[in-house]
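When a ligand or atom number is given, it counts from 1 through the structure's own listing order.
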Amino acid sequence: MKAKIIGTGSYLPERVLTNQDLEKMVDTNDEWIVSRTGMKERRIAGPEEFTSDMGAAAARAALADAGISADEVDFIIVATITPDYLCPSSSCLIQTALGAKKAAAMDVQAACTGYIYALAIAKSFVETGLCKNVLLIASEKLSSVTDYKDRSTCILFGDGASACVVSSDAQKKGHLISSICLASDGEQSDLIVIPSGGCRTSAQHYLKMAGNEVFKHAVRRMESACRECLNLAGLKETDISWLIPHQANIRIIDAMAKRFEHLPPERVFKTVHKYGNTSASSVGIALDELLKQEQIQEGEKILLTAFGGGLTWGAALLTASGESA
Ligand code: ACO
């Protein structure tokens, strides 16, 4: 049994937070932000719009794209570091919002690598026959853990959600999940931290990050994940048609592009300039946009890679069905 992505969707909130808006909030400027991060704007959820609301919107789009209804979903996985609550899970809230009564539901937490981790779980559940249709959702309201007085982090993050349906349905065309690799390094867990919400602390709500340190890890770890994922699939770097790195910073994306130099720049897909870093949702939003915008040819290889707090990182290789756009 082979697992494939039979539909994708994404959701971005309406409100746009531009670099000019940020100039009025902290001591920064558009030139610094664009040259250091590649970001021009990002989206911010409304005060009454939460991770499960955005996730449900992305999920509806993915189900429509896949041509299946909510009651055909066996399992809902939500990747997020900004759940509505610690308990109940955001996946249970989304299950109710969709009316996916037959589905089991759980959240996973692997920071910005959440989409790739959730994809590995979905692939395993489908290929072992435990489930036929898994609905994967990555959704983040990062604005809720962003300190808008800290210029070193508040310029980076945006809100948004992405989703896909992973299925073994032989009647449906889809992008085959050819290989996946995952990794973590708990020894570096202090580099990206949201201290509150767990049993150790209660009132330290804002995300803190050692940006410089994280930058170096991000490039190295994503490159090694990509190479391992290609090895697992028995493929070479020159077999990749598209690269979708985690949208954390244009300099990280460009550094990755340099390491895969046979790929023309337009084949390294980017959304960082308009959405910023949406953590777990980031590679999923980019994948959805790529599949909706471009004529992907049958057999083309799409390599996704992400990196985030934990530390966690990973990569997933898709073989396209050629039915996009
Ligand atoms: N505007 C103007 N100046 C600023 C700003 C700002 N918004 N932020 C920092 N500065 C200043 C600093 O204070 C520093 O000044 P100093 O030299 O006088 O001390 C100077 O700019 C340089 O700061 P650096 O931190 O060295 O800037 P850097 O070029 O490293 O860029 C950044 C910072 C954008 C955070 C970068 O390090 C980065 O993108 N890191 C990786 C982030 C990432 O990959 N995250 C992924 C995981 S996130 C997750 O899992 C949730």
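Checking only distances, Arg151 does come within under 3.5 Å of ligand 1, N or O to N or O. Residue Ala248 has no N or O atom closer than 3.5 Å to an N or O atom of ligand 1. On a distance-only criterion, Asn249 and ligand 1 share at least one N/O pair closer than 3.5 Å.
Looking at Lys274, its side chain never comes within 3.5 Å of a backbone N or O of Arg43 through a donor-acceptor pair. Judged purely by atom type and a 3.5 angstrom limit, Thr18 has no side-chain atom pairing as donor or acceptor with the backbone of Glu41. Between the side chain of Glu31 and the backbone N or O of Ile33 there is no donor-acceptor pair closer than 3.5 Å. At distances below 3.5 Å, not a single donor-acceptor pair connects side-chain atoms of Lys301 with backbone N or O atoms of Leu317. Side-chain atoms of Gln188 never come within 3.5 Å of backbone atoms of Leu311 as a donor-acceptor pair (strictly under, hydrogens ignored).
Here Cys226 contributes atom SG and Arg221 contributes atom CZ; the two are 14.0 Å apart, rounded to the nearest 0.5 Å. We find the CG-CD1 distance between Leu119 and Ile180 to be 4.0 Å, quoted to the nearest 0.5 Å.
Distance check on atom 17 (O) of ligand 1: every protein heavy atom falls at or beyond the 4.0 Å cut-off. For atom 30 (O) of ligand 1, the nearest protein heavy atom is under 4.0 Å away. Protein heavy atoms are found less than 4.0 angstrom from atom 10 (N) of ligand 1. For atom 14 (C) of ligand 1, no protein heavy-atom neighbour is present inside the 4.0 Å cut-off.
Counting heavy atoms closer than 4.0 Å to ligand 1, residue Ile155 contributes side-chain atoms (C-beta onward) but none from N, CA, C or O. Counting heavy atoms under 4.0 Å from ligand 1, residue Leu142 does not touch it at all. Residue-level proximity to ligand 1 for Ile252 is carried by the side chain, the only part with a heavy atom below 4.0 angstrom. At a heavy-atom distance under 4.0 Å, atoms from both the backbone and the side chain of Asn212 approach ligand 1.
Not a single heavy atom of Thr312 sits closer than 4.0 Å to an atom of ligand 1. At least one heavy atom of Met209 sits under 4.0 Å from some atom of ligand 1.
When Arg36, Lys216, Arg251, Glu31 are checked for heavy-atom proximity to atom 22 (C) of ligand 1, Arg36 turns out nearest.
Numbered from 1 in the order shown, with element, the atoms of ligand 1 that lie under 4.0 Å from a heavy atom of Ala111 read 50 (O). Of all atoms in ligand 1, numbered sequentially from 1 with element shown, those under 4.0 Å from a heavy atom of Thr28 are 1 (N), 2 (C), 6 (C), 7 (N). Of all atoms in ligand 1, numbered sequentially from 1 with element shown, those under 4.0 Å from a heavy atom of Gly308 are 47 (C), 50 (O). Proximity to Thr37 (heavy-atom distance under 4.0 Å) selects the following atoms of ligand 1: 34 (C). Within the listing of ligand 1, atoms 47 (C), 48 (S), 49 (C), 50 (O), 51 (C) sit less than 4.0 angstrom from a heavy atom of Cys112. The ligand atoms of ligand 1 that sit less than 4.0 angstrom from a heavy atom of Val214 are 41 (C), 42 (C), 43 (C), 44 (O), 45 (N).
In this structure Phe50 satisfies the ring-ring contact (aromatic ring centres under 6.0 Å, His included) test with no other residue, sequence neighbours excluded.
What sits closest to atom 35 (C) of ligand 1 on the protein, heavy atoms only, is Leu156 CD1, 3.9 Å. If you check which protein heavy atom lies closest to atom 40 (N) of ligand 1, you get Gly211 O, 3.1 Å. Here the protein heavy atom with the shortest distance to atom 8 (N) of ligand 1 is Trp32 CH2, 3.4 Å.
In the hydrophobic cluster analysis, where Ile, Leu, Val, Met, Phe, Trp and Tyr join through side-chain heavy atoms closer than 4.5 angstrom, Leu12 is grouped apart from Val78. The hydrophobic clustering, which links ILVMFWY residues whose side-chain heavy atoms are closer than 4.5 Å, places Leu287 and Leu136 together.
At a threshold of 4.0 Å, the pair Glu300-Arg267 counts as salt-bridged, since one of the basic side-chain nitrogens sits closer than that to a carboxylate oxygen.
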(message) Determine whether Asn249 and Thr37 satisfy the following criterion, side-chain hydrogen bond (donor to acceptor under 3.5 Å, both in side chains), listing intermediate values before the conclusion.
(response) CA-CA 5 Å; Asn249 185 318; Thr37 72; 5.6 Å; no

(message) side-chain hydrogen bond (donor to acceptor under 3.5 Å, both in side chains), that's the test. Do Glu140 and Thr278 meet it? Break it down for me.
(response) CA-CA 6 Å; Glu140 300 283 16; Thr278 57; over 6 Å; no

Donor-acceptor pairs under 3.5 angstrom involving side-chain atoms of residues 257-266: please list them, not counting sequence neighbours.
| from | atom 1 | to | atom 2 | distance (Å) |
| --- | --- | --- | --- | --- |
| Arg259 | NE | Glu223 | OE1 | 2.9 |
| Arg259 | NH1 | Ala255 | O | 3.3 |
| His262 | NE2 | Glu237 | O | 3.0 |

